[in-house]
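First the proteins, then the strands, lettered A, B, ... as listed; each starts at 1. Values in this document were obtained by computation on a predicted structure and should not be read as measured data.
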2 protein chains.
Amino acid sequence: MAGIRDVAKKAGVSTSTVSLVINSSGYVSDKMRARVTAAMEELNYIPNDLAKNLYRGRTNTVGVIMPTLQHPFFATLAGRIQHYLDTQGLHAILCSTADQQTGETQYVDMLQRHTLDAVIMGSHSTLSQEYWESIKRPVVAFDRYLCDFIPTVGGDHITGGRLVAKKLIDTGVQHVVHIGGPRGRYHDRARGEQLLNARELSSRPDSSFPTVRYQLVLEDELHAAGIETNFVTVEDLSDLDLFHKAASAVFDDYSDVDAVVAPDLAAAAVIQEARRRGTRIPEDMQVIAYDGTYVTTFAGQQISAVVQNLDETARRLVVHTMDEIERYEKINRGDGDMAQSVESVSNEHRNYVSVFDTESGVPYRFDAVKLEYVERETTKH
Amino acid sequence: MAGIRDVAKKAGVSTSTVSLVINSSGYVSDKMRARVTAAMEELNYIPNDLAKNLYRGRTNTVGVIMPTLQHPFFATLAGRIQHYLDTQGLHAILCSTADQQTGETQYVDMLQRHTLDAVIMGSHSTLSQEYWESIKRPVVAFDRYLCDFIPTVGGDHITGGRLVAKKLIDTGVQHVVHIGGPRGRYHDRARGEQLLNARELSSRPDSSFPTVRYQLVLEDELHAAGIETNFVTVEDLSDLDLFHKAASAVFDDYSDVDAVVAPDLAAAAVIQEARRRGTRIPEDMQVIAYDGTYVTTFAGQQISAVVQNLDETARRLVVHTMDEIERYEKINRGDGDMAQSVESVSNEHRNYVSVFDTESGVPYRFDAVKLEYVERETTKH
DNA sequence: CTGTTAGCGCATTCAT
DNA sequence: ATGAATGCGCTAACAG
């Protein structure tokens, strides 16, 4: 309850002196400082950050929007994001859209009302490009394109797809079934672009960059090698039971399948189903997981996987978040134009790709994190 | 950038009228309302919640402290907490202590500085009882005793331990190895109290109520039935590799083990290790997981488990959180004494146990959520 | 029913 | 080096 003025009164100084002591800024004589700290102790004074926030117009809080924490993939990513935000003195408000009635708009709202300094968007959004453009506050996207004004950090799924394809081709499989989320959500016209590299992709802000990309690359490379492929859809990623159903479907619908590529949980379900049906892995069937979270090490056997570097992804997401916050602060202060701060970041990452839009002065930035293939029990050498 | 006064000016009314329109409180004539909303549209006005927060002294934000989001157990719990907080118009700031340099004190700090309305404490705390008592702001604990002023919601691990013991005894096993976190952390004197029921436990605020309790009950009941038991420790729960090491240790150190009880991830590791060593489950060995998250359904085989009702746990945690917030608001308004609001909650839950401390006027409250045993592939009937 | 005004608790110019 | 005054943007008495 004790306020800064109580402390000032008790110490026989003015409020600004107390303020200087609190923030250890400016010059305060040692005597004054001692008296002030003594008064603070006595009154058990604790500064109220709400006032500070109002004055500063910042809360040091970032909204982190993920589909669900149930998936180790997003839980891990969220954890790493929290870690890197913490190193910058920022807090994370977590929103798993699956756990909430109100969707992502609530958080964009908080962003607009200055309850949030920025938003990291990791969920699929049905909102239009125009909507995201109209926000004009710091937003960074994970693995998806929102609009020209919003930078993206995501896995290099082109490489990811190639890694899987190469391994399967080398192993000599004939019929690959891969499992994934509904494809309808994604821009199908991207279908013809799967062999573009990250730089080329990033120059096409009209297409999204979701994980699903690796599937397109995979299919193309396998087809080019004369290998048959089929796709099994998991409609709702937050319904874990569907992964088991998908695993069953693989065996039921494709009797001659000799390789499965699937996100971690689905891959784990396939391992379990294989044991139940007496299918030996990797002798009778190869299994490769896509994502490579700890689920691949706690399944029935250790699963080979294309691993996403979530730590690095989180690090970059936070770097861009800070940049965006700073960029908008500059804009709101009036100095510096919108494109300015981008340059300074562009050398930060090896795979960083910037495409400047000279008309708007604002670039769309795609920051690709490399993926890695790890060989384990479920594939043959 | 547009403020409430800009809107007022544009609409030709006063700021308070605008405020009334925004909060749709009080009476405003339709004409005025129309003009105000029109002005808001034109100016693209968005209220700044920082000012509102300062005035109200609340942020509608609750700190949720968990050891790590890596564990599906805590990730799921955190997700459910977020869900229930959301239904009450509250946001969740997430802190997994494993992901952060700064520990839980940072969040208690935010609580004191009014950045947080309350804190839900799910991590182990090394801080003293006196420390927690001195906070005097809303705190609710998960599965652990902090101090007399702080209510706890936790699983009924007494029942949990009994469920496991009964099953194992019925199955006729001879040598049980169970895996768990380091025991040193927990009050050893609780050792002699393991047969107390929830009510009796709750009347002993000097002991904590961690998950580990089930192990004590388990050991006692098994010993009483003449069954040998051994304990394998996992020193650091956030180091997933240790679960695999523990699983190996079970086989290496105890060749005649015929049953394993372990937290989900460790149980999954045991399943994997058993397959590697040719041990058949459940023919040669029974496995029961404690917690029952989805990990038990994605392991090498479906694992029998004592399931914690995390949804109900989360619900109650949030109920108590709201109660505490309200209680402290009353206290700060001066009306109502500290013990008052507790009564109204005590009938809310079937397993709710209150112990009133007439001296302080504030009870220690322990709210126990029932556990359930689910039979799956890894145990015999 | 609407407008005027006084804070909410702190940070920061400016004088001194 | 220190203090008095002003404002951050909004809310809620109170007066009209």
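- One side chain, A:Asp367 or A:His320, offers a donor N or O that lies under 3.5 Å from an acceptor on the other.
- The listed nucleotides are C:dT2, C:dG3, C:dT12; the one nearest the side chain of B:Val28 is C:dT2.
- Computed from coordinates, the A:Arg5 CZ to D:dG3 C1' distance equals 14 Å when rounded to whole Å.
- Distance from the side chain of B:Thr15 is smallest to D:dT11 among C:dC10, D:dT11, D:dC10.
- Contact annotation for A:Ser29: backbone-only contact, meaning every heavy-atom pair under 4.0 Å involves sugar-phosphate atoms and none involves a base.
- Within the nucleic acid shown, A:Asp49 has no heavy atom closer than 4.0 Å to any nucleic acid atom.
- Rounded to an integer number of Å, the gap from CD1 of A:Ile4 to P of C:dG7 is 18 Å.
- Residue B:Thr17 places no side-chain atom within donor-acceptor reach of the base of C:dG3, judged by atom type and a 3.5 Å distance cut-off alone.
- Atoms CD and NZ, on B:Gln112 and B:Lys136 in that order, are 10.0 Å from each other to the nearest 0.5 Å.
- Judged by distance alone, the side chains of B:Ser96 and B:Thr68 never bring a donor and an acceptor atom under 3.5 Å apart.
- For A:Leu54, counting side-chain heavy atoms from C-beta on, the closest listed nucleotide (D:dG9, C:dT12, D:dC10) is D:dG9.
- Taking atom OH on A:Tyr55 and atom C1' on C:dG7, their separation rounds to 18 Å, with Å as the unit.
- Among C:dG3, C:dT12, D:dC10, the nucleotide with an atom closest to any side-chain atom of B:Lys52 is D:dC10.
- Checking D:dC10, D:dT2, C:dC10 against the side-chain heavy atoms of A:Ala51 singles out C:dC10 as nearest.
- For the atom pair CD1 of B:Ile120 and CG of B:Leu94, the computed distance is 10.0 Å after rounding to the nearest 0.5 Å.
- Among the heavy atoms of the strands, none lies under 4.0 Å from A:Val18.
- Comparing D:dG3, D:dC10, C:dT4 against the side chain of B:Ser14 picks out C:dT4 as the nearest.
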